[in-house]
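Report on the structure given below.
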Amino acid sequence: MNRYVMTLRCPDQPGIVRAFAQGVSSLKGNIVDNNQFSDPDTDTFCMRTEFDSPADSSAVVRAELTQALGAFDPFLTVRDVSHRRRVLLMVSKFDHCLVDLLYRHRTGDLPIDIPVIVSNHPDLKPLADQAGIPFVLIPVTKDTKPEAEAKLLDLVTEHDVDLVVLARYMQVLSDDLCRKLAGRAINIHHSFLPGFKGAKPYHQAHARGVKLIGATAHYVTAELDEGPIIEQDVQRVNHARSADQMVALGRDVERAVLSRAVRRHAEDRVILVGARTVVFE
Ligand SMILES: Nc1nc2c(c(=O)[nH]1)N[C@@H](CN(C=O)c1ccc(C(=O)N[C@@H](CCC(=O)O)C(=O)O)cc1)CN2
């Protein structure tokens, strides 16, 4: 028996679950976990299901479920859970998110493969070397950004990458690159969005006198820090905290939020619905 995870999204209407169940039955399957949500704002139905089946490939499963659900024309994903998502990490000089992701990967806490790490600075290469993961330096300037982004896309193709993670990668991706990576690039922004977009959010927060700081993991879009939110968290602060102390406190929130977001994407627990996400935890 193989275990598969399926996600579907389609206009909400009666009969979707019955048709899906008939498809699983045709695959001699047994459902072991199921989550569903009907979004009233967009009248969209979302479902994530894990099931066991003797079917020997995700292609066979996909073909059967596509036929069973044909009347509903769903956006469908099917993955054999033993096929881990392949994640390309992008970093600059800050190491706290990279260290956390590499630790969780090494301990098996994060069910992903990391074929390559890309950076616009050489600073974090020793961490990649220590983890035994290839490190590719792609410097970026205003003039070289198109060439740099072409090299990144070559690596995405070469390593059959499913997800790009901007783990405090401090360069703004072009509109074209964002389109090509739509729904498969996650960024960690070091504030509790929608507050304090852009660079230096902790200094903005300190100046504003906030009592909560936070971090936000979101899909990357051309509009800076505007992408669909996957995960957020906060940390209490008070008048006695300097901006630098907020930066330090924020590091713990950033790495925890990013790792949770990457795990949920890698486990097919995130479904995009317009500019928002449905997250089956
Ligand atoms: N198209 C997008 N690209 C990126 C996003 C995004 O949401 N959409 N998020 C950023 C990360 N980030 C905030 O979370 C951020 C990073 C960098 C900057 C910035 O102004 N960078 C300067 C260069 C700074 C430097 O070289 O150190 C710039 O690019 O001119 C703002 C926000 C990642 N990319």
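Below, all heavy atoms of this structure are taken into account, side chains as well, without hydrogens, waters or symmetry copies. Just follow the structure's listing: the first ligand is 1, and inside any ligand the first atom is 1.
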Handout entry: Whether Gly227 lies under 4.0 Å from ligand 1, heavy atom
Key = no
The ring-ring contact (aromatic ring centres under 6.0 Å, His included) partners of His190 (sequence neighbours excluded) come to Tyr202
Tightest non-hydrogen contact, residues Gln245 and Ala240, listed as OE1-O, 3.4 Å
If we number the atoms of ligand 1 from 1 as shown, the ones under 4.0 Å from a heavy atom of Leu166 are 33 (C), 34 (N)
The closest protein heavy-atom partner of atom 3 (N) of ligand 1 is Leu173 N, 3.0 Å
If you scan protein heavy atoms around atom 7 (O) of ligand 1, the nearest is Asp225 N, 2.9 Å
If we number the atoms of ligand 1 from 1 as shown, the ones under 4.0 Å from a heavy atom of Cys178 are 1 (N)
May I ask whether atom 30 (O) of ligand 1 is less than 4.0 Å from at least one protein heavy atom? no
Given the options Arg85, Arg48, Arg9, Asp268 meets salt bridge (charged side-chain N to carboxylate O under 4.0 Å, His left out) only with Arg85
for atom 14 (O) of ligand 1, nearest protein heavy atom and its distance come out as His189 ND1, 2.7 Å
(message) Less than 3.5 Å apart, any donor N or O on the side chain of Asp154 or Thr157 sitting next to an acceptor on the other?
(response) no
Residues His159 and Arg86: closest non-hydrogen pair is O-NE, 2.7 Å
Under 4.0 Å between heavy atoms, the region of Leu224 that gets near ligand 1 turns out to be both
ask   = Within less than 4.0 angstrom of ligand 1, does His218 place any heavy atom?
value = yes
Here the salt bridge (charged side-chain N to carboxylate O under 4.0 Å, His left out) pairs for residues 176-190, sequence neighbours left out, are Asp176-Arg179, Asp176-Lys180
Judged by heavy atoms only, the candidate from Glu254, Arg168, Met170 nearest atom 24 (C) of ligand 1 is Met170
message = Below the 3.5 angstrom mark, is there an N/O of Thr221, backbone or side chain, next to an N/O of ligand 1?
response = yes
* Asked: Is there at least one pair of N or O atoms, one from Lys145 and one from ligand 1, spaced under 3.5 Å apart?
  -> no
Between the side chain of Thr277 and the main-chain N/O of Ile229, is any donor-acceptor distance below 3.5 Å?
-> yes
Atoms of ligand 1 under 4.0 Å from any heavy atom of Tyr169, numbered from 1 in the order shown, are 11 (C), 33 (C)
Honestly, for Val172 the part within reach of ligand 1 (heavy atoms, under 4.0 Å) is both
For Ser259 and Leu110 the tightest heavy-atom approach is O-CD1, 3.8 Å
Hey, is ligand 1 close enough to Gln171 that some N/O pair sits below 3.5 Å? yes
- In terms of side-chain heavy atoms, does Asn120 have a donor or acceptor partner in Ser92 at a distance below 3.5 Å? yes
Is there any N or O on Asn187 that sits under 3.5 Å from an N or O of ligand 1? yes
Closest non-hydrogen atoms of His206 and Ala243, given as atom of the first, atom of the second and distance, are CD2-N, 3.5 Å
